[in-house]
Colleague: 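The structure under discussion is supplied below as structure tokens; questions concerning it will follow.
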Amino acid sequence: TLFRSLVAAGGAADLGLGWYELFKIIFTIQVLVPALISFAAGTPGKRGDWWLFLATILAAKGMWEYERYLWGQGQCPVSETAPSFWLHPLWHLGSAGAHYFWMRYMASLKTTEAAAAPSEEAKKVA
């Protein structure tokens, strides 16, 4: 599938070829496209988890970018007592949290869809 191809291309770009910027673009597409599709599929007023997803992924991405900035400046922390030492693990925790909120949002879409669909019994009566 296209999504799996993007995952493979992103990994190859970063690990195999050292093209980190291409990896970031592909990663952004992998997050952005499903997020926008799911937003459009939702009902206004019932997007609380989607907004939590967005806030969490943006905060986590900010930590990731700041970590990369420090690395580029040669200012990587050498001690785990430095708060910036934890930026990369916080990125992973934040992205996991964002995934949780997005999945919860998607589950609510499925629940809403199931509730709106007529049951088999209702179809027989009609």
Colleague: Considering only heavy atoms from C-beta outward, does the side chain of Pro77 approach that of Trp86 to under 4.5 Å?
Modeller: no
Colleague: Does any N or O in the side chain of Arg47 come within less than 3.5 Å of the main-chain N or O of Gly42, such that one atom is a donor and the other an acceptor?
Modeller: yes
Colleague: Between Tyr105 and Lys46, which heavy-atom pair has the shortest distance, and what is it?
Modeller: CE1-O, 3.7 Å
Colleague: Between CD1 of Ile25 and CD of Gln30, what distance do you get to the nearest 0.5 Å?
Modeller: 12.5 Å
Colleague: Count I, L, V, M, F, W, Y as connected when their side-chain heavy atoms are under 4.5 Å apart, and connections chain through other members. Are Phe101 and Leu93 then in the same cluster?
Modeller: no
Colleague: Taking the six-membered ring for Trp, are the ring centroids of Phe27 and Trp64 within less than 6.0 Å of each other?
Modeller: yes
Colleague: Identify all side-chain donor-acceptor contacts of residues 50-59 below 3.5 Å with residues at least two apart in sequence or on another chain.
Modeller:
unit_1 : atom_1 : unit_2 : atom_2 : d
Trp50  : NE1    : Ala35  : O      : 3.0
Trp50  : NE1    : Ser38  : OG     : 3.4
Thr56  : OG1    : Leu52  : O      : 2.7

Colleague: Out of curiosity, Lys24 NZ to Leu22 CG, how far, rounded to the nearest 0.5 Å?
Modeller: 11.5 Å
Colleague: Does the distance from a Lys or Arg side-chain N to an Asp or Glu carboxylate O, for Arg68 and Glu65, drop under 4.0 Å?
Modeller: no
Colleague: Output the distance between atom CG (Leu70) and atom CD (Gln75), rounded to the nearest 0.5 Å.
Modeller: 6.0 Å
Colleague: How close do Met63 and Leu90 get, counting heavy atoms only, and between which atoms?
Modeller: SD-CB, 3.4 Å
Colleague: What is the ring orientation for Tyr66 with Tyr69, classed by angle as parallel under 30°, tilted 30 to 60°, or perpendicular over 60°?
Modeller: parallel
Colleague: If I take atom CG from residue Asp49 and atom CE from residue Met103, how far apart are they, to the nearest 0.5 angstrom?
Modeller: 12.0 Å
Colleague: Applying the 4.5 Å side-chain criterion to the ILVMFWY set and letting contacts propagate, would Phe39 and Met106 be lumped into a single cluster?
Modeller: yes
Colleague: Report yes if the side chains of Thr43 and Leu109 come closer than 4.5 Å at any heavy-atom pair, otherwise no.
Modeller: no
